[in-house]
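First the structure, in the form of structure tokens, and then the observations on it.
All values below were derived from every heavy atom in this structure, side-chain atoms included, with hydrogens, water molecules and symmetry-related copies excluded. When a residue number appears, it is its place in the shown sequence, counting from 1.
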Amino acid sequence: MKRKGTFNLTRVVLAAFFLFAAVLPLLGMFSQLASPGATAVFSSEQFATACLNSVTVSLTSTVISLALALVMSWVLCRTNIRFKGAIAVIMTLPMLIPSLALGMGLVFLLGSNGVITNALGLDFSLYGFWGIVMGSVLYSFPSAFLLLYDVLKYEDASPYEAADVLGVPKLNQFFSITLPYLRKPLISAVFATFTLVVTDYGVPLMVGGKTTTLPVLMYQEVIGLLNYNTGVAIGFVLLIPAVVAFLIDVLNADKGKSSFVSKAFDIKRNVGRDVLGYVAGIVASVAIVLPLGSFVLVSFVRKYPVDLTATLDNVGRSLNLNVGDYWVNSIIIAVAVALIGTALAYFAAYITARMGGKFAKVLHLVCITTLAIPGIVLGLSYVLFFKGSFLYGTFAILILVNLVHFFTSPYLMAYNSLGKANENLEAVGSTLGVGRLSILKDVLIPQTLDTIVEMVGYFFVNCMVTISAVAFLSTTLDMPLALLITDLDAQRLTECAAFVSLVILVTNIAFKIVLVGIKKALHRRAEAPTAAAV
């Protein structure tokens, strides 16, 4: 009875969490759409221009990101080049740093006084449409790459061998076998990439120049002018592509599923193909590493770009500007979200994947629906809903908004892992008098420890780099480190802004390394009893 009460309490907690943290804030925000100030926004010329800019930038960036992701996935899965693991890691590095910092890195390289611009004497203006596209591709490419790479590396080689026997040309094989196999992940990648770009304000804020996108307009109106009616109207529009992407992804979820690999690819020697693979790998790696590496250069020079003498003075200047305190703020938020979020997402996944029933179906729908809420929209809804409450202006509201913002992906990790366990475990346990709680503690959690570690990592890293969900909610006392980049850049403290970006990148890399060590320790611990028994 006590164990049953535990899961009933979990249901109540999860229902209250989503109602309080997601449903009510959004309903409160969109209830203001009927106000004259909000409806007037839709007919303004500024809004129409920002809409057009957002759509064209997002479409262009999505096409380029998807093409590059497909090329790099093919290179790592279908060639014999070396260092594939290292290249795959490099492809995901932009995920470990805020989009603001990626835009700033491009400025260091290709801005008016950029390293590459000056070195090559280029007459090139980074600011504007193509600058936003470049930054958006850098920002969205890792997500598109992971979606395609993780599917392509498990593709079955049998259809290709049959096609070779029948004399089907390689190009025809790509269009008739590879593309149909990748249809589902490609659809997911298209909408995921488009949504990432259309809702981001970090890159356009840094390199947009006079080209204003909807998120930047929303940021300027809410942060700069405290014009919440305009923010509500823009937030509603930004929610539309995210919801459409979500619906198409859900409706397409049962189609185009890949089967288990029956035969791995035997990649034959082909010098020309592998040379092209090396070229693609080197070019892509350099394009990603250079903007990130520019932070190291700018962080440790006297005055960029006037005096490039090496110095550690910027470290001291940054610490005097309380960078250490803001870093601690970010760590507090990220650790709290990682621990609380992992527990909530795991228990939610257990209820939906292992217990069934009407509540489980509704809960699963709610858990995956949070993916369709852009961070900047969620942040504004929190401002309007919680303003004047005991939560407003505290760490608690920053933790809460990040929990909702990043909940879906870790939840799906746990849901998929728990769904793979023997579905009869609980029935057998009931027959033997073993309760659900014991099975969860002694069987399921040990089996899914790798997934739990990945969930913790996802929450932590995303909390360290996010700017959209917390931009409207933070104060000078609890501001996360990522938001300091804009302030320092606005004060012309470029070197300190670069150092802050470097600190975030190093923190996330260090945390990832710690997680790898934890995984290895868990594997050794799991293998020890087996070795002892043998």
Side-chain angles (χ1 to χ4, degrees), residues 57 90 93-94 96-139 141 200-212 216 219 282-324 326-327 465 467 481-509:
V57 162
I90 291 171
L93 284 179
L96 304 182
I97 202 160
S99 58
L100 277 168
L102 293 172
M104 190 168 63
L106 287 178
V107 173
F108 293 154
L109 294 177
L110 298 167
S112 306
N113 293 304
V115 176
I116 295 176
T117 309
N118 288 340
L120 300 180
L122 297 177
D123 183 17
F124 168 75
S125 176
L126 174 69
Y127 305 99
F129 177 85
W130 286 110
I132 301 175
V133 169
M134 288 173 66
S136 296
V137 168
L138 191 62
Y139 170 58
F141 167 79
D200 174 56
Y201 78 84
V203 169
L205 198 63
M206 281 291 177
V207 297
K210 294 180 180 179
T211 305
T212 303
V216 171
Y219 177 83
I282 291 169
V283 170
S285 298
V286 169
I288 287 172
V289 169
L290 275 181
L292 303 183
S294 67
F295 299 127
V296 179
L297 168 66
V298 179
S299 297
F300 300 107
V301 298
R302 288 196 183 280
K303 187 63 182 175
Y304 172 84
V306 181
D307 185 357
L308 299 183
T309 309
T311 181
L312 294 175
D313 290 350
N314 298 318
V315 178
R317 287 170 66 197
S318 298
L319 292 175
N320 289 334
L321 292 167
N322 298 323
V323 164
Y326 293 122
W327 179 78
V465 303
I467 54 173
L481 188 58
L483 292 179
L484 192 60
I485 296 171
T486 317
D487 292 351
L488 294 174
D489 188 61
Q491 296 173 46
R492 307 279 183 181
L493 297 171
T494 307
E495 299 78 21
C496 295
F499 179 71
V500 166
S501 303
L502 188 62
V503 168
I504 294 171
L505 179 62
V506 171
T507 300
N508 281 333
I509 290 174

Provide the closest heavy-atom pair for [X] versus [Y] in the form atom of the first, atom of the second, distance.
X: Asp200; Y: Ser99; answer: OD1-OG, 2.7 Å
X: Ala498; Y: Phe108; answer: CB-CE1, 3.8 Å
X: Ser501; Y: Met104; answer: OG-CE, 3.2 Å
X: Arg317; Y: Arg302; answer: NH1-O, 4.4 Å
X: Pro94; Y: Leu102; answer: O-CD1, 4.0 Å

Atom pair [atom1]/[atom2] of [X] and [Y] - distance to nearest 0.5 Å:
X: Leu100; Y: Ile467; atom1: CG; atom2: CD1; value: 3.5 Å
X: Leu312; Y: Ser299; atom1: CG; atom2: OG; value: 11.0 Å
X: Thr117; Y: Leu109; atom1: OG1; atom2: CG; value: 8.0 Å
X: Ile485; Y: Met206; atom1: CD1; atom2: CE; value: 6.5 Å
X: Leu93; Y: Leu505; atom1: CG; atom2: CG; value: 7.0 Å
X: Leu106; Y: Ile132; atom1: CG; atom2: CD1; value: 11.5 Å

Got a donor-acceptor contact below 3.5 angstrom from the [X] side chain to the [Y] backbone?
X: Asn508; Y: Leu96; value: yes
X: Ser294; Y: Pro291; value: yes
X: Asn314; Y: Val301; value: yes

Quick one: ring pair (Phe, Tyr, Trp, His ring centres under 6.0 Å) partners of [X], sequence neighbours excluded?
X: Tyr326; value: none
X: Phe295; value: none
X: Phe499; value: none

Heavy-atom check, side chain of [X] versus side chain of [Y], under 4.5 Å:
X: Leu292; Y: Leu502; answer: no
X: Leu290; Y: Ile116; answer: yes
X: Thr311; Y: Phe300; answer: no
X: Leu110; Y: Met134; answer: yes
X: Thr507; Y: Trp327; answer: yes

Point to revise | Cys496 and Val323: CA distance, side-chain angles, deciding distance, side chain to side chain contact (heavy atoms under 4.5 Å, CB included) verdict | key: CA-CA 9 Å; Cys496 295; Val323 164; 6.0 Å; no
Check your understanding: How are the rings of Tyr201 and Tyr219 set to each other: parallel, tilted or perpendicular (split at 30° and 60°)?
Key -> parallel
